[in-house]
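Below is one structure, written out as structure tokens; the observations come after it.
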Amino acid sequence: MNGPDASREPARFAFVLVPRFNMMALTATIEPLRVANYLTGRRLYDWSFLSPDGGPVTASNGMIQATLALPDRVPGDSTVFVCGSWDSEHYDNPELFAWLRRQDRRGVRLGAMDIGAYILARAGLIENRRIAVLWYCVRAFLEAYPDVRAEERLFVDDGNRITIAGGTAGVDAMLADIGSRHDMRLAHEVADNILHFPIRGANEPQRSSRGGQHEIVHPTLRLAIGLMEGHVEEPLAIPAIAAKVGVSQRKLERLFINHVGRSAVAYYRTLRLQHARVLLTNTSLSIREIALACGYGSLSHFAKSFSDLFEKRPREYRNAWPHDDPDPIWLGFSPSLAPAKKR
């Protein structure tokens with residue numbers, strides 16, 4: 001195949017790391033670039049690691065990455081990725097925000113991965129933009145930043161903004177970059193080298209299916225769960241859901257018991273309470289506002305349902321969130337795996 005133009009300057013990426021960034025998301029993004037250089041024998045891509053203060057930055061898995069302090073400017077043709085994860089929704093660094101705005105004024109392309117998009121939002125840099133956000137944070141992000149078009153996509157390239165949902169999505173985002181800048185045949189060769197198949201497009205969903213693994217979830221259940229996820233604030237009655245998916249309520253209940261291990265009502269309640277947990281930790285909404293956003297008209301009913309499932313009342317859960325814990329725990333599992341409600 002025709003190789004990339006040897007006279008072309010390398011594409012430049014700068015990764016700005018904040019404490020407890022996601023190392024998997026970072027390495028998944030870098031490895032396709034490294035392999036593209038390796039396979040062609042040419043420096044197609046350059047990258048650097050930066051942080052507001054320079055020096056070592058610890059990832060959420062405990063690994064440490066050396067960084068350089070933020071330079072006054074990066075080359076105008078660079079892409080700057082903000083790499084965040086745990087607690088990025090509360091990260092407040094005016095120096096970094098101002099630096100990002102200066103780079104934006106100079107025409108630098110800005111991006112984020114995992115929930116580093118919160119940092120771009122706090123800096124006022126993604127208003128009225130399409131962005132990719134981790135699936136369990138989409139609703140909370142929209143509550144906090146209603147002028148941003150947050151989507152459950154692997155990655156979103158919106159002109160001079162690019163956002164990657166996290167996890168392994170960076171592989172696909174960079175394979176798309178390689179194909180765009182150079183040749184899709186090179187992108188496929190890189191994918192083969194790192195054993196990544198198939199290459200996923202930007203609009204591929206982040207999750208294999210709703211409600212659990214694709215092999216064990218009945219297609220009617222997937223439709224029902226999709227309706228539940230789309231009606232968190234104004235819940236549908238189970239008979240209405242059954243009618244919309246074309247089965248009797250009795251059959252729908254059997255499907256939930258057989259495939260999910262709990263009733264449709266219990267699953268729907270847990271889904272709404274999982275959403276409440278994200279709102280408690282990712283937004284500053286009041287408890288009453290969160291209750292309403294999760295379909296609870298009664299604050300006392302919401303508090304009791306929440307504490308029955310998670311063994312903490314909503315305010316206790318919010319106050320106990322480990323902002324400074326180096327090894328935090330987030331039970332962000334599917335409602336099908338959540339603990340059953342106490343009887």
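Keep in mind the model is a prediction, meaning the values are calculated, not measured.
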Write down the atom of [X], the atom of [Y], and the distance for their closest heavy-atom approach.
| X | Y | value |
| --- | --- | --- |
| A140 | T283 | O-CG2, 3.6 Å |
| G167 | A28 | O-CB, 3.6 Å |
| R313 | A303 | NH2-CB, 3.3 Å |
| S300 | S298 | OG-OG, 3.0 Å |
| R106 | V74 | NH1-O, 2.8 Å |
| N128 | R149 | O-NH2, 3.0 Å |

Quick one: do [X] and [Y] end up in the same hydrophobic cluster if we chain Ile, Leu, Val, Met, Phe, Trp and Tyr together by side-chain heavy atoms under 4.5 Å apart?
| X | Y | answer |
| --- | --- | --- |
| W47 | I64 | no |
| M24 | L26 | no |
| I257 | L223 | no |
| M63 | I30 | yes |
| L292 | Y268 | no |

Can any side-chain N or O of [X] pair as donor or acceptor with the backbone N or O of [Y] at less than 3.5 Å?
| X | Y | result |
| --- | --- | --- |
| Q103 | L110 | no |
| H182 | I178 | no |
| N93 | E95 | yes |
| S180 | A176 | no |
| H231 | G295 | no |
| E151 | N203 | no |
| R272 | C294 | yes |
| W99 | P71 | yes |
| Y91 | Y118 | no |
| D46 | R12 | no |

Tell me, do [X] and [Y] make a side-chain contact under 4.5 Å, heavy atoms counted?
| X | Y | answer |
| --- | --- | --- |
| I131 | V156 | no |
| R318 | I290 | yes |
| V148 | F141 | yes |
| T67 | L50 | no |
| F81 | F13 | yes |
| H218 | V260 | no |
| R129 | N160 | yes |
| L96 | L100 | yes |

Open item on the list: Please determine whether side chain to side chain contact (heavy atoms under 4.5 Å, CB included) holds for the pair Y38 and N193, giving the CA-CA distance in whole Å, both sets of side-chain angles, and the decisive distance to 0.1 Å.
Closed with: CA-CA 10 Å; Y38 163 74; N193 193 272; 4.1 Å; yes

Interatomic spacing from [atom1] in [X] to [atom2] in [Y] - rounded to 0.5 Å:
| X | Y | atom1 | atom2 | value |
| --- | --- | --- | --- | --- |
| R153 | D172 | CZ | CG | 14.0 Å |
| L175 | I199 | CG | CD1 | 5.0 Å |
| L134 | E152 | CG | CD | 9.5 Å |
| L68 | D53 | CG | CG | 13.0 Å |
| W135 | Q206 | CH2 | CD | 9.0 Å |
| T163 | I126 | OG1 | CD1 | 7.5 Å |

- [ ] Give the C-alpha distance, both sets of side-chain angles, the deciding distance and a yes or no for side chain to side chain contact (heavy atoms under 4.5 Å, CB included) between F256 and I225.
- [x] CA-CA 10 Å; F256 269 94; I225 291 169; 4.1 Å; yes

Open item on the list: So that I can tick it off, tell me whether R20 and D114 are bridged by a salt bridge, with the cut-off set at under 4.0 angstrom between side-chain N and carboxylate O.
Closed with: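 Answer for the salt bridge query: no.
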
Task: Residues E253, R250: salt bridge by 4.0 Å N-O rule - done: no

- [ ] Please work out whether the ring planes of Y317 and F306 are parallel, tilted or perpendicular, with thresholds of 30° and 60°.
- [x]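 Because their plane-to-plane angle is over 60°, the rings of Y317 and F306 count as perpendicular.
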
Task: H301 and Y296 aromatic ring geometry - parallel, tilted or perpendicular at 30°/60° bounds - done: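 Aromatic pair Y296/H301 classed perpendicular.
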
Open item on the list: Show, in sequence, the C-alpha distance, side-chain angles and deciding distance for E316 and F310, and conclude whether the side chain to side chain contact (heavy atoms under 4.5 Å, CB included) test is met.
Closed with: CA-CA 11 Å; E316 293 171 336; F310 299 120; over 6 Å; no

With a cut-off of 6.0 Å (strictly less than), are more than 12 heavy atoms of other residues, nucleotides or ligands near [atom1] of [X]?
| X | atom1 | result |
| --- | --- | --- |
| R315 | CZ | no |
| R288 | CZ | no |
| R73 | CZ | no |

TODO: Applying side chain to side chain contact (heavy atoms under 4.5 Å, CB included), run through M113 and N22 and close with a yes or a no.
DONE: CA-CA 9 Å; M113 63 180 65; N22 188 304; over 6 Å; no

Task: For R181, all residues meeting side chain to side chain donor-acceptor pair (under 3.5 Å), sequence neighbours excluded - done: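 With neighbours one apart ignored, the set is D177.
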
